[in-house]
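Following: one structure in structure tokens, then a few remarks.
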Amino acid sequence: MAKVLTPRAEDYSQWYNDIVKKAQLAENSAVRGCMVIKPTGYAIWENMKSQLDRMFKDTGHVNAYFPLFVPKSLFEAEEKNAEGFAKECAVVTHYRLRNNPDEKGKLMVDPDARLEEELVVRPTSEAIIWNTYKNWINSYRDLPLLINQWANVVRWEMRTRLFLRTAEFLWQEGHTAHATKEEAIEETKMILDLYADFAENYMAMPVIKGVKTANERFAGADDTYTIEALMQDGKALQAGTSHFLGQNFAKAFEVKFSNSNNKEEYVWATSWGVSTRLMGGLIMTHSDDDGLVVPPKLAATQVVIVPIPKPKDEIDEVAERIMVELKAKGVSVKYDRDAKKRPGFKFAEHELKGVPVRLGIGMRDLEKGVIEVARRDTKEKNSIPVDGVVDHVVQLLDDIQNNLFNKAKAYRDSHITKADSMEEFKSILEEKGGFILAHWDGTTETEIKIKELTKATIRCIPLDNEKEAGQCILTGKPSEQRVLFAKAY
RNA sequence: CGGAAUGUAGCGCAGCCCGGUAGCGCACACGCCUGGGGGGCGUGGGGUCGCAGGUUCAAAUCCUGUCAUUCCGACCA
């Protein structure tokens, strides 16, 4: 079979780029660093989105929409946040073009149309949202305020990669306001659990929940919680973050409420988000050298039926019947009834696009009363009696979902290694990759030094961490627990 | 934003050094044969050679600039 993708072992980055393009998930656009998400890719994102949206709503959140532009004066109100994002902001300075008198048919920015105040294209929406919340919150009766928005944001990245880091990306950002610190922290952690649940049970991507160090924390947050996943090349991917913002934004935007004793207090805030980056995580967690592998719960098409060698009345009849029955059970199914393409070509094509289950219906099999059922995750093929094929497929989709998670988890678990010295740390990083648990003295200085020496960063301090006395691998200073290091995307 | 490489048909590439008719494979269209893992033969269509300048009788080819992509670094979700 002709290989369409660069094998992972040969060049992992190239494999990733190949798969995004060949499976038609996305492509580069005419705008530097910005991608076009193609229908095949967008369908998966839509599935992610609708599931997450359901989960947000089930936990009491509602959707709203805030503007793309943030006046500079609002943007700079929360200083740390502004400083953190300043270097990567796109800024609108003019509101009009005009014909260029020197070059016919060309346009130029109208110098007379300079904006009084520049508009920052949102890299995140805290500023505009908190400036709005100020007007919405007066009393403890207005709290909690639990709002999510689905939006695009822009961060002017120097180096971009499809899905993993693009200048514009799609995400959801939740912004909540609470009367007490405890309640806000609870919200932050609840969302972290929700993200982990989504990652593991829908994306089949195991994650480690943890807290970011001060150095890796979101600008403007008191605490950043994260879910960290491990990709097949041994690099970590930050898949989602949930921030406890304390009263930082409330103070910056004067968001106060009267408590039940009629005393004024600043509200407590959270924000949290996951983005189209999850698509990158999905690809790099499950896919192989033959193409994309999509967990059934997120697949746009869960089952494809291929007539062998080509459509024929008898085959069509069986296919139609199976489709009706599968659809009745909530399974999305397509019949690839294209007489011009040969079965071998179709097999390869659907494998490249990651369809979880393929049914091959041919006359030879039908005479024996069976259908060939092929699963994408293991490439296993079985002959299943026609009568039982629908139930078999429903069960199989479930098995595939579980198998993908278990396989990813086994890989992840076998790539968490303890290191007790810098030498050990470096050799694990070079030879094996993955997560490394090591003692750290708790200072930003040491963290940065380790990054300079090894390129590895502290991904998080795992929430379920065991306490264990030890010595920092760099400075030898005392440490009370190991933290999770890795090279990261 | 610094270093390197690349940009020629939808995709992958040759041609460039040494200036002179724009080529190959795949894909595409049509026909015939085929048909259980990316078929075979035949015929055919498709090009502002990334873009803008310059040198020259003549530029895909030489020069300058610019844009984009990939990789490496710094930065970042």
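None of these values were measured; they are calculated from a predicted model. Throughout, protein chains are lettered first and strands after them, A, B, ... in sequence-line order, and every chain is numbered starting at 1.
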A:His243-A:Thr224 side chain donor-acceptor pair, cut-off 3.5 Å: yes
Whole-Å distance separating the NZ atom of A:Lys38 from the C1' atom of B:rG10: 10 Å
Interatomic distance where CZ belongs to A:Phe85 and C1' belongs to B:rC75 [whole Å]: 13 Å
Pairwise C1' distance, B:rG35 and B:rC41 [rounded to whole Å]: 16 Å
Sugar-phosphate only, base, or nothing, as touched by A:Lys381 at under 4.0 Å among non-hydrogen atoms: base
Inter-nucleotide P distance (B:rG42, B:rU8), Å rounded: 29 Å
C1' spacing across the pair B:rU70 / B:rC32, given as an integer number of angstrom: 44 Å
Complementary nucleotide for B:rC30 - Watson-Crick or wobble, under 3.5 Å: B:rG42
C1' gap between B:rU69 and B:rC11, integer Å: 15 Å
Toward the 5' end of RNA chain B, by each residue's nearest nucleotide, A:Phe345 or A:Tyr489: A:Phe345
Watson-Crick/G-U partner (both atom distances under 3.5 Å) of B:rA60: none
Distance in angstrom units between A:Glu349 CD and B:rA27 C1', rounded: 12 Å
A:Trp171 and A:Phe169 aromatic ring geometry - parallel, tilted or perpendicular at 30°/60° bounds: perpendicular
Inter-nucleotide C1' distance (B:rC75, B:rC18), Å rounded: 45 Å
Closest to the A:Arg277 side chain, choosing from B:rC75, B:rG38, B:rA77: B:rA77
Pair A:Asn201, A:Asp197: side-chain N/O donor-acceptor within cut-off below 3.5 Å: yes
Aromatic ring pairing A:Phe56/A:Trp272, orientation class (parallel under 30°, perpendicular over 60°, tilted between): tilted
Length of the line joining A:Glu216:CD and B:rA77:P, which is rounded to integer Å: 8 Å
Sugar-phosphate only, base, or nothing, as touched by A:Phe169 at under 4.0 Å among non-hydrogen atoms: base
For atom CG of A:Leu170 and atom C1' of B:rA77, their distance in whole Å: 13 Å
Touch class at under 4.0 angstrom, heavy-atom based, for A:Leu164 against every strand present: base
Touch class at under 4.0 angstrom, heavy-atom based, for A:Thr166 against every strand present: base
Partner nucleotide, any strand, of B:rG47 [Watson-Crick/G-U, under 3.5 Å]: none
Test item: side-chain donor near acceptor, A:Glu78 and A:Asn248, under 3.5 Å: no
Modelled atom types, side-chain donor and acceptor of A:Lys212 and A:Gln238, under 3.5 Å: yes
A:Tyr133 and A:Trp130 aromatic ring geometry - parallel, tilted or perpendicular at 30°/60° bounds: perpendicular
Shorter than 3.5 Å, N or O on both sides, protein versus nucleotides 68-74 of chain B: list them out with atom names.
from, atom 1, to, atom 2, distance (Å)
B:rU69, OP1, A:Gly33, N, 3.1
B:rC72, OP2, A:Arg159, NH2, 2.3
B:rG73, N7, A:Arg159, NH1, 3.4

P-based separation of B:rG44 from B:rU55 [nearest Å]: 42 Å
Integer angstrom distance from the C1' of B:rG10 to that of B:rG46: 10 Å
Modelled atom types, side-chain donor and acceptor of A:Gln14 and A:Asp18, under 3.5 Å: yes
Pairing partner (Watson-Crick or G-U wobble, both distances under 3.5 angstrom) of B:rG73: B:rC1
Check ion pair A:Lys57-A:Asp53 (N to O, under 4.0 angstrom): yes
Partner of A:Asp290 under salt bridge (charged side-chain N to carboxylate O under 4.0 Å, His left out), chosen from A:Lys22, A:Arg376, A:Arg8, A:Lys379: A:Lys379
B:rG15 and B:rC71, which share atom name P, separated by this distance in whole Å: 24 Å
Near-strand residues of residues 187-205 of chain A, defined as heavy-atom separation under 4.0 angstrom from RNA chain B: none
Side-chain donor-acceptor pair present, A:Tyr335, A:Asp316, cut-off under 3.5 Å: yes
Donor/acceptor link under 3.5 angstrom from A:Glu351 side chain onto base of B:rG38: no
Under-4.0 Å salt bridge between A:Glu351 and A:Arg358: yes
Spacing of A:Glu83 atom CD relative to B:rC75 atom C1', expressed in whole Å: 14 Å
Between the protein and nucleotides 33-36 of chain B, are there any N/O to N/O pairs under 3.5 Å, and if so, what are the atom names and distances?
from, atom 1, to, atom 2, distance (Å)
B:rU34, O2, A:Arg342, NH1, 2.8
B:rG35, O6, A:Lys310, NZ, 2.4
B:rG35, N1, A:Lys310, NZ, 3.3
B:rG35, N2, A:Ala339, O, 3.4
B:rG36, N7, A:Arg364, NH1, 3.3
B:rG36, O6, A:Met363, N, 3.3
B:rG36, O6, A:Arg364, N, 2.5
B:rG36, O6, A:Asp365, N, 3.1
B:rG36, N1, A:Asp365, OD2, 3.2
B:rG36, N2, A:Asp365, OD2, 2.7

Test item: side-chain donor near acceptor, A:Thr124 and A:Arg122, under 3.5 Å: no
For B:rU55, the Watson-Crick or wobble partner whose two distances fall under 3.5 Å: none
Counter-base of B:rC11, judged by Watson-Crick or G-U geometry with both distances under 3.5 Å: B:rG25
Any donor-acceptor N or O pair under 3.5 Å, side chains A:Asn215, A:Thr444: no
Modelled atom types, side-chain donor and acceptor of A:Ser242 and A:Thr188, under 3.5 Å: no
Touch class at under 4.0 angstrom, heavy-atom based, for A:Glu157 against every strand present: base
Nucleotide B:rA77, atom C1' - distance to CG of A:Asn152 in whole Å: 15 Å
Distance in angstrom units between A:Glu88 CD and B:rC1 C1', rounded: 13 Å
Strand partner of B:rA68, provided both Watson-Crick or wobble distances fall under 3.5 Å: B:rU6
Under 4.0 angstrom between A:Lys22 side-chain N/O and B:rG12 OP1 or OP2: no
